[in-house]
Amino acid sequence: MALLKPSPSSNTQTCCGWSWSTAAAQSPLVVLAPASFPSSLSRRPLPSLLVQLGRPRRGRGRRIAIGCVASRRSSEAPSSGSSSRGSSSAAAAMAAAARVKAVATIKATVGGFLDSLRPSRAIDDVKDLIGRSLYLELVSSQLDAKTAQEKPTLRSYAHRVAGNGDKVVTYEADFDVPAGFGAVGAVLVTNEHHTEMFLEDIKLMPSSSDGSGAAPLLAIRCNSWVQPKSGGGDDDAAPGKRVFFANKLQELKFSWLCVTRVQPYLPSQTPPGLRSYRRKDMEQKRGDGRGQRKSTDRVYDYDTYNDLGDPDNGADKARPVLGGSKQFPYPRRCRTGRPMSTKDPRTETRSGDNYVPRDEAFSEEKQLQFSVKTLQSVLHAAVPAVQSTLIDPDLGFPSFFVIDKLFEDGVQLPKAEQLGFLAGILPRLLQKLRDGPGDQLLLFGRPANVKKDKFAWLRDEEFARETLAGMNPYAIELVREFPLKSKLDPAVYGPAESSITAEVLEQQMGCVMTVAEALKQKRLFMLDYHDLFLPYVHKIRAQEHTTMYGSHTVFFLCDDGTLRLLAIELTRPASPAQPQWRRVFTPSTDTTESWLWRMAKSHVRAHDSGHHELVSHWLRTHGAVEPYIIAANRQLSEMHPIYQLLHPHFRYTMRINALARTALINAGGIIELSFSPQKYAMELSSVAYDQLWRFDTETLPADLVRRGMADEDPTAEHGLRLAIKDYPFANDGLLIWDAIKGWVQAYVSRFYPGSGVVAGDAELQAFWADVRTVGHADKKDAPGWPALDSPGSLAHALTTIIWVASAHHAAVNFGQYDFGGYFPNRPSIARTKMPVEEPVDAGALAAFLDNPDQALRECFPSQVQATLVMAVLDLLSTHSPDEEYLGGLETAPWSDDAEVQAAYGKFNAQLKEIEGIIDVRNADRRLKNRCGAGIVPYQLMKPFSEAGGTGKGIPNSTSI
């Protein structure tokens, strides 16, 4: 498309089948119409993507330059330069050029370049005043037709023009785009300020536009931090210079109408003028694997979990490295590059904050919410904890009445100096407390299950129901053989066959059928925490104020679709000093046996709490997803359609994981302080990764089949026949899974019409190789990794990643306070042994018989442990005000592709429909696992939510 200079003697010009009038030379706007425009349509608005150019710049007279900016003809002569505007030759060139305006939107941030308290603010204000603070360069997507080299960029300083209160500031730069420059494929941005800025977007507007509503010619969504140029060189990868790519402009012609639509670029489709920029940007994000990372970096690299321990601060803080060995396999985390410990050269020191790439940090809104909520949560925990530490740091609750007071009576805030026990866990929060509030009262919010039924935790029916509709619905499995048998070495751990007999189960089933019949009819289910925990029992027991067993818990599926709790087996493995001990506990009307049954349930609940937090939650979502994020940023260009699909599902995950390594899963952190495994918690997570984790079974359908909770059936809804029809998590989750799958399949088919395109996508194949061989290197040769060799296999892998990051995480995260906030329902730790464990401690048994209520409370977490866990669960169950939800319009694809937009619109509509389906199910009294007196309705798979602790909502990503 040629750019034409209007003739001074003519009032009408024609180009590309369009004509425009220049009769009113004094007017800043140029009116365009097709050469054969029907008179009946002459008053209609022009299509938004047509160029309306020609507003004369002040001081430039009445010259009007008109043309088609996104020229697609590579054969036209290249621009002779754009940086000098004073010469007559430049003036002549500009007379044949189209003038466009680049509008950059900068978000105002605390401590950023708008911070009035910075010493360098005055210098930056001067730069703004003279228009030398933001340097923009337009990059042509074409090579020079004569030299086959990249065309010189068009360069201009942007000047600050407006501010929207405290939210955004706008900068503008004018460009004269010469004929033959070609489509603008990218914009280079250099930050001349003295501090970083958050660039939201760049829009190329008609020069005639005042920005008050005109459609942009090109919009580039950036949402990224740009570091200051100071300290860097002049090369394209220097600090302060960033490249932001425009999406692909694809020309479509409908009759006389010529428009463009935006779509991403596969590597093979990258315009020649952008190829080196695409390659260099990925190289910059990969880094060189050397040196310590700074908070301003945007480098993505891998490392093992070698920073959980802190041996330099005591031998008791030493922890094994997770990942990189057969003994402790594990996913990889983001590399920080800190110095290694002097006491243990395999362990990285823990000085400073855990690095994450700059764009992975929380937004200021999220950070503010997180900080305030964390502060409140710690205060909640601190009040009773301080009171208890004045007497006994391991003090339990003296009565259930005192437990209830946590939710009923206000308690006075302590002074900051009284919070010393938290100094090693959350030191930065203590700093905020030094000037904290005075005499105020704080209350724990009443959890949903306590609101519904204060005594539900005592009922076996609720214990069983929560395996299907609680916070850990990933643990229950079908009993497929009987007797139950361990896979552990009997020479080490004792007899493999369980002591749960058919007679015991049949008696508890009311003799309605035999065990053999129940097996055949698939009516026996279990929680199996035997083989995972048993090898660690003696190690855990060697620590103070905790204990551990291996456990089997068996359920029977009743005719009404509910589960009946039948029996619990607790096992202590053999040791050099003692033989194996195990005992089966069952419901009973006998007073002593009834209290023993309650204590056995508390032990299993502690096992389930540990499994939930370390395996279902941390390992299978947070830990497994981080390698996907690193690999995507290392191997997929931001122009790549798969990067753009996955990117919303990675939001905040690396930052929350870094915070977890700081205070949650580290040596002496909250998990070790408050959960039964204590210092062996993350080792157990590694064992679970080794024994249980496979990529192909992380899909919801495959997970259900693996656990025997469903059978494949092409004739059934979702292609599965559930073993328990009223399984709220599975029922609702499969609706979400199918919706995600449909959206991803439609997206993939748009960009990958055949298997050859998938196999030939070098970036995509490098991404998948990075995930398998580096990010999950300890599992690279394990079964379950699909080959990305077809659109179908690609869509399935991407659906799996998105499911895990969004819905899987929501299912195990946002119900934590509702079900675990009242800790008797889900104690995080069991501190005392069963009083009948052999050899029997006569004193402990006598105390139990004398006051079983007190014995049960002593088994529960201490006041410190309970309140700290309650506070953390409260925090983790809370949605941020800036939460982005699955299928939400705020993360709709940044693309004008009609097929993609239609598919996403369908996805959004499906999710809204699913919300209605879930509401109907929760009101159906036939579904007894989700509806009934005192029952918390199952809402964790409802896609959308307001901010706060709502017990519903599926964020796009593992964001908390």
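All heavy atoms count here, side chains included; hydrogens, waters and symmetry mates do not. Note that the structure is a prediction, hence the values are computed from the model and not measured.
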Is there a side-chain hydrogen bond (donor to acceptor under 3.5 Å, both in side chains) between Thr800 and Thr699? Walk through the geometry before answering.
CA-CA 5 Å; Thr800 303; Thr699 72; 5.4 Å; no

Those residues that, when tested against Leu692, pass side-chain contact (heavy atoms from CB on, under 4.5 Å) (two or more places apart):
Ala688

Yes or no on side-chain contact (heavy atoms from CB on, under 4.5 Å) for His718 and Trp737, after CA distance, side-chain angles and deciding distance?
CA-CA 9 Å; His718 314 295; Trp737 168 268; over 6 Å; no

Assess whether side-chain hydrogen bond (donor to acceptor under 3.5 Å, both in side chains) is satisfied between His640 and Asp761, documenting all intermediate values.
CA-CA 10 Å; His640 199 289; Asp761 186 336; 2.7 Å; yes

Between Leu266 and Pro641, what is the shortest heavy-atom contact and its length?
CD2-CG, 3.5 Å

Apply the test side-chain hydrogen bond (donor to acceptor under 3.5 Å, both in side chains) to residues Asn825 and Glu466: give CA-CA distance (whole Å), side-chain angles for both, the deciding distance (0.1 Å), then the verdict.
CA-CA 10 Å; Asn825 188 58; Glu466 289 185 16; 3.2 Å; yes

With a 3.5 Å cut-off and no angle check, do the side chains of Glu883 and Ser959 form a donor-acceptor pair?
yes

Do Tyr643 and Asn633 get their side chains close enough for a donor-acceptor pair, meaning under 3.5 Å?
yes

No-hydrogen, no-angle side-chain donor-acceptor test under 3.5 Å, Asn929 and Arg465
no

Do any N or O atoms from the side chain of Arg707 and from the backbone of Ile476 form a donor-acceptor pair under 3.5 angstrom?
yes

Salt-bridge criterion met for Lys928 and Asp726 (N-O under 4.0 Å)
no

Please lay out, stage by stage, how Lys942 and Asp732 fare under the test salt bridge (Lys or Arg N to Asp or Glu O under 4.0 Å).
CA-CA 8 Å; Lys942 292 188 72 171; Asp732 298 354; over 6 Å; no

Beyond-backbone contact of Asp924 with Val920, side-chain heavy atoms, under 4.5 angstrom:
no

Is NZ or CZ of Lys779 both nearer than 6.0 Å to the six-membered ring centre of Tyr689 and within 45° of the ring axis?
yes

Less than 4.5 Å apart, any side-chain heavy atom of Arg278 and any of Phe245?
yes

Before we go on, tell me: are the rings of Tyr474 and Phe729 under 6.0 Å apart, centre to centre?
yes

What verdict does the side-chain hydrogen bond (donor to acceptor under 3.5 Å, both in side chains) test give for Asp882 and Tyr652, after you've listed the backbone C-alpha separation in whole Å, the side-chain angles of each residue and the deciding distance to 0.1 Å?
CA-CA 11 Å; Asp882 73 338; Tyr652 296 153; 2.7 Å; yes

Under a plain distance cut-off of 3.5 Å, with no hydrogens placed, do Asn449 and Glu462 share a side-chain donor-acceptor pair?
no

Is it true that Thr621 and Thr958 share a donor-acceptor pair across their side chains at a distance under 3.5 Å?
no

Side-chain donor-acceptor pair present, Asp789, Ser755, cut-off under 3.5 Å
no

Around Glu913, counting heavy atoms of other residues, nucleotides and ligands shown, do more than 12 lie under 6.0 Å from its CD?
no

Does the separation of the ring centres of Phe695 and Trp768 fall below 6.0 angstrom?
yes

Flag if over 12 foreign heavy atoms under 6.0 Å of NZ, Lys285
yes

Going by heavy atoms in the side chains, are Met709 and Tyr727 under 4.5 Å from each other?
yes

Does any donor atom in the side chain of Asn472 or Ser616 lie under 3.5 Å from an acceptor atom in the other side chain?
yes

If the plane angle is over 60° it's perpendicular, under 30° parallel, otherwise tilted; pick one for His776 and Trp693.
parallel

Going by distance alone, is a donor N or O of one side chain under 3.5 Å from an acceptor N or O of the other, for His796 and Asp696?
no

Between Phe751 and Tyr747, what is the ring plane arrangement, given parallel below 30°, perpendicular above 60°, and tilted in between?
tilted

Is the closest side-chain heavy-atom distance between Leu700 and Ile736 below 4.5 Å?
no

Could you check whether Asn956 and Ser806, counting side-chain N and O atoms only, form a donor-acceptor pair closer than 3.5 Å?
no

Indicate the atoms forming the closest heavy-atom contact of Leu563 with Leu557, along with that distance.
CD2-CA, 3.9 Å

Within the 3.5 Å criterion, strictly below it, is a donor on Tyr628 or His649 matched to an acceptor on the partner's side chain?
no

Minimum-distance pair of heavy atoms, taken over all atoms of Tyr904 and Pro893
CG-CD, 3.4 Å

Over all heavy atoms of both residues, which pair between Gly934 and Asp453 is shortest? Give the atoms and the distance, please.
O-CB, 3.8 Å

